[in-house]
Amino acid sequence: GASRQSDGEPVVFAASSLVDVLSELSAAEATPFSDVTLSFASSASLAAQIVDDAPVDVFISADRAQIERLRRAGFSDAQPQVVARNSLVIAVEAGNPLLLADLGDLSRGDVLVALAAPGVPLGEYSRGMLSAANIEVTPVTFEADARGVLAKVALGEVDAGIVYATDAASASNVDSVVIPEAEAVNVEYVALDLTEGSGAGQDLIEFLTSDAGRSALTNQGFLLP
Amino acid sequence: MSRQQRHDARVPIALAVLGWLAVAFFVVPIVALVIRVPWSSLSDVITDDATTEALTLSVLTSVITTVLAIVLGVPLAWLLARSNIPGRQFIRALCTLSMVLPPVVAGVALLASLGRRGVVGAILDDWFGVRLPFPMPAVVIAQLFVAMPFLVLTVESGFARSAGTVEEAARTLGASPWYVFTRVTLPATQPAIIAGAVLTWARALGEFGATITFAGNFPGTTRTLPIATYLALESDIDDALLISMVMVVISVVILVALRGRWVGAIGGVR
Amino acid sequence: MSRQQRHDARVPIALAVLGWLAVAFFVVPIVALVIRVPWSSLSDVITDDATTEALTLSVLTSVITTVLAIVLGVPLAWLLARSNIPGRQFIRALCTLSMVLPPVVAGVALLASLGRRGVVGAILDDWFGVRLPFPMPAVVIAQLFVAMPFLVLTVESGFARSAGTVEEAARTLGASPWYVFTRVTLPATQPAIIAGAVLTWARALGEFGATITFAGNFPGTTRTLPIATYLALESDIDDALLISMVMVVISVVILVALRGRWVGAIGGVR
Amino acid sequence: MSLSIDVRRRIGATQLDVQFTVAAGETVAIVGPNGAGKTSLLRVVAGLISADEGRISWDGIVWDDASSGEFSPPEQRPLAYVFQDYALIEHLTVGDNVAFGLRAGGVRRRRARERAYEVLDVVGGSDLVERMPSSLSGGEAQTVAIARALATEPTVMLFDEPFAALDASARAHARRLFSSMRSSSVARLIVTHDAVEALTLADRIVVVEAGSVVQIGTPSEVLATPRSHFVAEILGLNPLSGQLRGDELSLGAMSLTVGAHGVDDGDVIAIVWPRSVSLHRERPEGSPRNVWRTTIDAVDRSDGRVRVQLGTPLPIAVEVTPAGFDALATEPDGEVWASVKASEIVVQPA
Amino acid sequence: MSLSIDVRRRIGATQLDVQFTVAAGETVAIVGPNGAGKTSLLRVVAGLISADEGRISWDGIVWDDASSGEFSPPEQRPLAYVFQDYALIEHLTVGDNVAFGLRAGGVRRRRARERAYEVLDVVGGSDLVERMPSSLSGGEAQTVAIARALATEPTVMLFDEPFAALDASARAHARRLFSSMRSSSVARLIVTHDAVEALTLADRIVVVEAGSVVQIGTPSEVLATPRSHFVAEILGLNPLSGQLRGDELSLGAMSLTVGAHGVDDGDVIAIVWPRSVSLHRERPEGSPRNVWRTTIDAVDRSDGRVRVQLGTPLPIAVEVTPAGFDALATEPDGEVWASVKASEIVVQPA
Ligand SMILES: Nc1ncnc2c1ncn2[C@@H]1O[C@H](COP(=O)(O)OP(=O)(O)OP(=O)(O)O)[C@@H](O)[C@H]1O
Ligand SMILES: Nc1ncnc2c1ncn2[C@@H]1O[C@H](COP(=O)(O)OP(=O)(O)OP(=O)(O)O)[C@@H](O)[C@H]1O
Ligand SMILES: [Mg+2]
Ligand SMILES: [Mg+2]
């Protein structure tokens, strides 16, 4: 296709779970992100906009499948780069009143559980983890994303839910129960340079993998690739 | 007849131009969408049990919501339009707020009141063991909360044009206020009620944010078609478009059938 | 006067009971929400530039949308209600479809038509160099697409109750169809137009899915308050509730002020 | 049994203030100028508006009592009301309009339909039964409105200009119908602008002007001593405002001598009956003391009578026989002599 | 200049079929029973509905021609229309209603207001100028409707029962106003149920029955030879349907001898003027050949005349002098002798 490059400020499309970290970077001075325009939405929405020729330099997806689709459709020849990783935790009400300790507690009869829906990335990760651990969980609801699960937990509507570690960390009224089974889950944030190697996009991606970028990411609870 | 109609229907040109522009504005995206949809995989989607389940649930809940909205909303509109209750303006604003709230926030408001920890919900839970969120009635409640204001405002504007001395005449003929309301006022307001019901139904059918927040998403009980569409969007936009097309077709059929029947008879060309 | 009002305003009991039930249904969640909101951090949120930016954008775009909806929607409603255009039922259904579509799908439809690769968008781009999506006008288009049908249906129901011989009388006094439309028909339909405008405005103000899909999410140009709420929800639900409260307050103010002025004079108690 | 009305009520700028009773079986005609408050009076009696002060009762049952706050809404008053603007229910057929009161009163659909048809038949509207109100002509609509009011067999009837849109034959028919109800124990109030209607249909006439009752009396009483300009004018009489001093009535441009009377000097209204004035080609000799020269402004020949409008100095209407008029042999605008006997002029205090 | 009307048009079950012209300066009254099609006729002329067949033109300019398809919409016809139901614009004040036509015609607001005030003043409604239509009494609303039609100074005027709701004095005032416009070059069509109005205001009378014109003529022509039951009835005459054989008119229950006439034997309508019938206590001797015994069914004394309704065998209305009536000294329901001269009975083909 035509040049993906935006006309003025560089534009970054990012999965909405990166809101806090990228906003912080763009608010700070003298980083390549300080004069970047950020647009957050679900990875799928952003991909749809890119397919419609949206002016964008870098796309950071929470879902490798979206990146692959774009590459297959010929939107970029650049190599996708993993910039951050995330983990899964059990989100529980602040203070963990039901004293949930491990993944197995989710199948307790007195525990109402929310999971992300099959088909959305978080749902697929959760399902994979539970089936690997051979734990049968019957949730009361399949939420569309981590926000949904977290909101249900935060409002006390369910007792527990499986979410990304970063989301659980940033939410108030919610505590995380770290689960060892999550180690096996590989949640990756993949960045794709859409500027056809002109440099601007690559600079941004490189900054994220630099020390400054890495410390910002780890501050928000992300894991490094 | 034909010559008369030609004359009487003379449309001011400015009106016609703007009106047809509006038609184009609506039709072009719909056509583009229809072109865009990968119809070849239609059969996969509509034979999928999950889709039909969601479709059934959506139609069922949106119809129940519409009926409840009429039952509750018409009296409310009447109170707002015709009675002297104090603070009418304020009550009207409160009752239309849910329309302005982002649907997710509307869902949060419902949880905060009717949820397990909610003001009313906690009482229901403690006293009667009733938990509203998650089962199917919660879907109806969520839809009702965001969609009923559309009916209320439309019907209120209908009541505002009063039936004048006709209602008085009915009273002098011995009709009680209730009889007058059902036999004179309601029929005279029918076009507005139908319009309001269609709006409410449409809004309820497309409702997503409040539903998933308040009622969650469970196949068969709370996964409506919009939720299914949204989830499909996360993985495959083509599937999502196909699912939404099912909804479009059903809506067109219902809208054409319904409006043709009920409104055509009253409104239409004089 | 007071005694008369007491008598004339006698409300059939059934109506009053249902009406007040409806009021409670709306008010309880709102109150619960207000209680739930962490007001202590309100000042942080409303002094945040991002919030005020989003607020300004939301108010601006929703008002522009409402004005455009009136300009285009009233003529369309007139065509549907009063003219003899062939296939009225079908056109009406097409023009109300966008109301039923899940907003995200509506956004996709807009992209498919007015996007850079879209049926019409590509022509606009090639011929005039106009690219619609993403800058602010795209927000208005997205809002218009999903919100205008509310006005169209409401106003159509208003036109359906014709002004009868009054319009004929105006014609015999030498008034052109256009003059009759503006001076007789429109004023007689005013309650319905105002109701429709309020509905459209409310729907536009809360619009999220179609906007983020078609117009994207750019601070200052396309990030409206509902989108800001959505992003805030990502990090902290309390922030999201606070942001939406800003919207609630503004809406209440506008609804109370507006309805009191315009509708009170026409409708209200006879 | 009687309907007792004693009401004060503010209507816009008009203060309605009336007091009279209507006995069961009696017909009272309410006459008065446009905007006098006739329709408002019926609305108070019907309970569509309440009295600011005063009391309305029927057969001892209080309908409206401003001092005690008692008030029966319209549907609890056993009355029927024919509205000046018909007020037919647009979405119901003519038959259903007429049956409406019966249905509201709990009569079964089939029975109500039958009765509606009967009543429509009586008023001559049975072929309209399936029609919608919007397709009716003016007179047809009024006929239906009358039928609707009669269908419920009320005990108090309020008719607001019920025959205004009817043609001569329908009007005669409706009047006959109205008169035939006289024997029943129904109290009837009829507002009308038609003097003949008032005089022939009513047992008593109530004259309302600017919200207040200026005269109540039987038709012959009102005819004999019309107590206001308006009444005289509506009756086709010639009311003259002037000043009386003894026998002498001064009317500005001229004066007349009046016969025996018991009225004090001062402002008076004098009535000159059209028939009591004679016209002459030459100045008449003999008895009439009141003779003046005048012009003929307009001539109206209808129904075998000739009605002549005189010009200055006394612009009154007079009625003469065709033969008498032809004998004058004047052109329109021609000059004639007019005379009236002093004993034929009635004076009463203004 | 004239308004030429030649129209066929289906209205519900009625087929409207009329043809006549109205000259500039002329007033034509349209009379006919309820539902005859009078309002529909005005609507066709106004262009609110179009003719199925035929042609309407004013001063040579075609307004509606079914064969060529030419059609001017109402606003392009220089006419004014007073609607039977007033059709005031509810959301405009009285003043703005009256000014509406001027404003629509491009007159500036201030000038239109002034003119509206003037016209309202002429019809006697200037104190209503700031009022809203919904607060007007029936007569006030009609007054405003008349003012609104007059304000634009149209050249064709269509009035549909314009005085029905007016009181006697307002009606007289409006009639005078109407007559005073006679000299102008305006063509006027007025629908009325009031015989006096038709006879006094109109230059010609068009009688419409069941959609068709049954008679056109000057008031005196129509008076002299009313061509239908309806016309006779509206005029207060006694139309009798019967069969003529030579001098002998058989009326079912009895027969009368008629005077010289040029009518063929067969079905006829005979007119008996109320004044031409005499009543007697005893069987009269002498000339009248038509004498019969009958009863008095109803008596109506008003305006110095006595109108008596006779019973079988010939239920007609007669008019006698009060003196003559008192001389009868009968009770109501009493028996009397009636007589009528053969020469006073007019016959014409049915
Ligand atoms: N809602 C109102 N607001 C202000 N004035 C009103 C209202 N309704 C009636 N009036 C005035 O009160 C007076 C009495 O009105 P009403 O209708 O009783 O007259 P009416 O005697 O029936 O006259 P008409 O013979 O013309 O029908 C009129 O002057 C009228 O203009
Ligand atoms: N829309 C309609 N549909 C069916 N019939 C109609 C319609 N409009 C009028 N008519 C009928 O056509 C006939 C003529 O009506 P029109 O109003 O012209 O009568 P009119 O002579 O003005 O009577 P009136 O003296 O009662 O006002 C009536 O019988 C009426 O019922
Ligand atoms: Mg009145
Ligand atoms: Mg008519």
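Just so we're on the same page: letters track the sequence lines, and every chain starts at 1. Everything numeric here is computed off the predicted structure, so don't read it as measured data.
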**Among the listed options E:Pro33, E:Gly37, E:Ala165, the residue most often paired with chain D at heavy-atom distances under 4.5 Å** =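 Maximum pair count with chain D is reached by E:Ala165.
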**E:Arg131 versus chain D, the contacting section by heavy-atom distance below 4.5 Å** =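 Looking at E:Arg131, nothing touches chain D.
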**Prompt:** What are the two closest non-hydrogen atoms of D:Gly35 and E:Ser137, and how far apart are they?
**Reply:**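 Looking at all heavy atoms of both residues, the shortest contact is N-OG, 3.4 Å.
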**Message:** Just so I understand: if I count every heavy-atom pair under 4.5 Å between each of D:Ser135, D:Gly139, D:Ser40, D:Ala164 and chain E, which residue has the most?
**Reply:**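 Going by pairs under 4.5 Å, I would pick D:Gly139.
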**Request:** State whether the side chain of D:Asn34 and the backbone N or O of E:Leu166 hold a donor-acceptor pair below 3.5 Å, judged by distance alone.
**Result:**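 No, because the side chain of D:Asn34 does not come within donor-acceptor range (under 3.5 Å) of the backbone of E:Leu166.
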